[in-house]
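Inspection log for the structure reproduced underneath, given as structure tokens.
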Amino acid sequence: MKKAERYTKLIEYFLEHRPVAETELVYQDPYELAVAVILSAQCTDRRVNMITPAFFQKFPTPNDLAKASQDEVFDLIRSCSYPNNKAKNLVGMAKTLTDKFRGIMPSEINELQSLPGIGRKSANVIAAVIFNKPAMAVDTHVFRVSARIGLTIGAKNPLQTEMQLIKHIPENLIPLAHHWLILHGRYVCLARKPKCSGCGLTSFCKYYEKQVKSKSC
């Protein structure tokens, strides 16, 4: 099966079976999403959503967080992974956001990446979720699922995966496709033991095709 056909079938499947796909991070505004995204690095969305209510109660605005000490932030986020580094980045993000952007979250990828703790993946998440831009954030789930299905060929890093995906997915669907791939990787196409028996993509999945062939040999 050609790559273009896999993309067509993937889009058709998810438009029918998951027409609405959204981030599982709980947020009310761009600032809250930025905080949640920073916290989510190598940490589950579930854990982040347990941390953020108390966090936003104490630091409801970027200005409030910019005035906080790293120790204050650490005490609220200690249950997530790498709390020391994230506490530093959160305060730095808030200071940059207030000083450089007057507390208004920028929409451009390059400007978002100027915020401490916001790399390309996180910038793409914010751009796609908040501003509905055709930005494809590639996390471990997207990287794995794209390669397994056969959407990407020989991609060695997230950037190569991103470039291949946005080349073949219509711009208006990129923000949605980002969530399709993440959620599919989180709940179906698991890293160690994918749930192929309950997957609706097996008819065009390169990984499944190989598995079937190996069992028949």
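Quick caveat, the model's predicted, so the values are computed rather than measured. Note: hydrogens, waters and symmetry copies are ignored here, and every other heavy atom, side chains too, is used. One is the number of the first residue; the rest follow in order along the sequence.
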>> Quick one, Ile51 with Ser79, criterion side-chain contact (heavy atoms from CB on, under 4.5 Å). Give me CA distance, side-chain angles, the key distance, then yes/no.
In response: CA-CA 8 Å; Ile51 293 171; Ser79 65; 3.5 Å; yes
>> Does Phe14 form a side-chain contact (heavy atoms from CB on, under 4.5 Å) with Leu176? I'd like the steps, not just the answer.
In response: CA-CA 9 Å; Phe14 280 119; Leu176 189 58; over 6 Å; no
>> Run the side-chain contact (heavy atoms from CB on, under 4.5 Å) test on Phe56 and Tyr31 for me, step by step, so that the C-alpha distance in whole Å, both residues' side-chain angles and the decisive distance to 0.1 Å come before the verdict.
In response: CA-CA 10 Å; Phe56 294 136; Tyr31 157 69; 4.2 Å; yes
>> Before you tell me yes or no, could you show the steps for Met105 and Ile130 under side-chain contact (heavy atoms from CB on, under 4.5 Å), namely the whole-Å CA-CA distance, both residues' side-chain angles and the distance that decides it to 0.1 Å?
In response: CA-CA 9 Å; Met105 191 65 62; Ile130 297 296; 5.9 Å; no
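Ser146 is listed as a side-chain neighbour of Leu165, based on a closest heavy-atom distance under 4.5 Å. Side chains of Glu16 and Glu12 form no contact here, defined as non-hydrogen atoms less than 4.5 Å apart. Considering only heavy atoms from C-beta on, Ile126 stays 4.5 Å or farther from Pro106 through its side chain. For the pair Pro116 and Thr96, the minimum side-chain heavy-atom distance is below 4.5 Å. The shortest distance between side-chain heavy atoms of Trp180 and Val145 does not fall below 4.5 Å. For the pair Glu5 and Lys9, the minimum side-chain heavy-atom distance is below 4.5 Å. Within the 4.5 Å cutoff, the side chain of Ile109 has heavy atoms near those of the Gln113 side chain. Within the 4.5 Å cutoff, the side chain of Met93 has heavy atoms near those of the Val35 side chain.
By the side chain to side chain donor-acceptor pair (under 3.5 Å) test, Arg18 is found to be paired with no residue, residues two or more places apart in sequence or in another chain being considered. Scored by the side chain to side chain donor-acceptor pair (under 3.5 Å) test, Asp45 finds Arg186 as partners (sequence neighbours excluded). Contacts of Asp29 classified as side chain to side chain donor-acceptor pair (under 3.5 Å), with partners at least two apart in sequence or in another chain: none. With sequence neighbours left out, the side chain to side chain donor-acceptor pair (under 3.5 Å) criterion links Thr61 to Asp64. Looking at residues two or more places apart in sequence or on another chain, you find no salt bridge (charged side-chain N to carboxylate O under 4.0 Å, His left out) involving Arg47.
Residue pairs that meet the salt bridge (charged side-chain N to carboxylate O under 4.0 Å, His left out) test with at least one member in residues 30-41, sequence neighbours left out, do not exist here. Residue pairs that meet the ring pair (Phe, Tyr, Trp, His ring centres under 6.0 Å) test with at least one member in residues 120-175, sequence neighbours left out, are Tyr7-His168. Listed by first then second residue, pairs satisfying salt bridge (charged side-chain N to carboxylate O under 4.0 Å, His left out) with a partner in residues 66-83 read Lys58-Glu72, Asp75-Arg78, not counting sequence neighbours. Pairs engaging residues 90-101 under the salt bridge (charged side-chain N to carboxylate O under 4.0 Å, His left out) rule: none recorded [sequence neighbours left out]. Pairs passing the salt bridge (charged side-chain N to carboxylate O under 4.0 Å, His left out) check and including a residue from residues 161-174, sequence neighbours excluded, read Arg120-Glu162.
Val129 and Leu115 fall within a single hydrophobic cluster, where Ile, Leu, Val, Met, Phe, Trp and Tyr are joined by side-chain heavy atoms under 4.5 Å apart, directly or via other members. Connection of Leu183 to Ile174 is not established within any shared hydrophobic cluster, with ILVMFWY side chains joined at heavy-atom distances below 4.5 Å, either directly or through further cluster members. Under the 4.5 Å side-chain heavy-atom criterion for grouping Ile, Leu, Val, Met, Phe, Trp and Tyr, Ile182 is not connected to Tyr207 through any hydrophobic cluster. Leu181 and Val125 fall into different hydrophobic clusters, defined by Ile, Leu, Val, Met, Phe, Trp and Tyr side-chain heavy atoms under 4.5 Å apart, directly or through other members. Put simply, Ile169 and Ile166 are part of the same group of oily side chains (I, L, V, M, F, W, Y) that touch within less than 4.5 Å, one to the next.
The two atoms that bring Ala66 and Val91 nearest to each other are O-CG1, 4.3 Å, heavy atoms only. Between Ala87 and Ile77, the shortest heavy-atom contact is N-CD1, 3.6 Å. Taking both residues in full, the closest heavy atoms of Gly117 and Ser122 are given as O-OG, 4.3 Å, listed atom of the first, atom of the second, then distance. Closest of all the heavy-atom pairs between His179 and Pro175 is CD2-O, 3.3 Å. Residues Leu65 and Leu90 share a closest heavy-atom pair of CD2-O, 3.4 Å. The shortest non-hydrogen separation linking Tyr27 to Leu33 is CB-N, 3.7 Å.
For the pair His178 (side chain) and Ala137 (backbone), a donor-acceptor distance under 3.5 Å is present. Side chain of Ser81 to backbone of Gln42: a donor-acceptor contact under 3.5 angstrom is found. For the pair Asn124 (side chain) and Ala135 (backbone), a donor-acceptor distance under 3.5 Å is absent. A donor-acceptor pair under 3.5 Å links the side-chain atoms of Lys86 to the main chain of Leu39, judged by distance alone. Looking only at distances, a side-chain donor or acceptor of Ser114 sits under 3.5 Å from a matching main-chain atom of Glu111.
We find the CG-CD1 distance between Asn89 and Ile118 to be 8.5 Å, quoted to the nearest 0.5 Å. The OH atom of Tyr13 sits 12.0 Å away from atom CG of Leu15, with the distance rounded to the nearest 0.5 Å. Rounding to the nearest 0.5 Å places CD1 of Ile11 at 14.0 Å from CZ of Arg6.
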Show me the donor-acceptor pairs, under 3.5 Å and distance only, between side chains in residues 187-206 and residues at least two apart or in other chains.
residue : atom : partner : partner atom : Å
Tyr187  : OH   : Glu24   : OE1          : 2.9
Tyr187  : OH   : Glu24   : OE2          : 2.9

Donor-acceptor contacts, no H, no angles, side chain residues 149-157, under 3.5 Å, sequence neighbours left out:
residue : atom : partner : partner atom : Å
Thr152  : OG1  : Ala147  : N            : 3.4
Asn157  : OD1  : Leu159  : N            : 3.2
Asn157  : OD1  : Gln160  : N            : 2.8

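Dense packing is recorded around NZ of Lys133, with more than 12 heavy atoms of other residues, nucleotides or ligands lying under 6.0 Å away. Enclosure of atom CE in Met1 by more than 12 non-hydrogen atoms of other residues, nucleotides or ligands within 6.0 angstrom is indicated.
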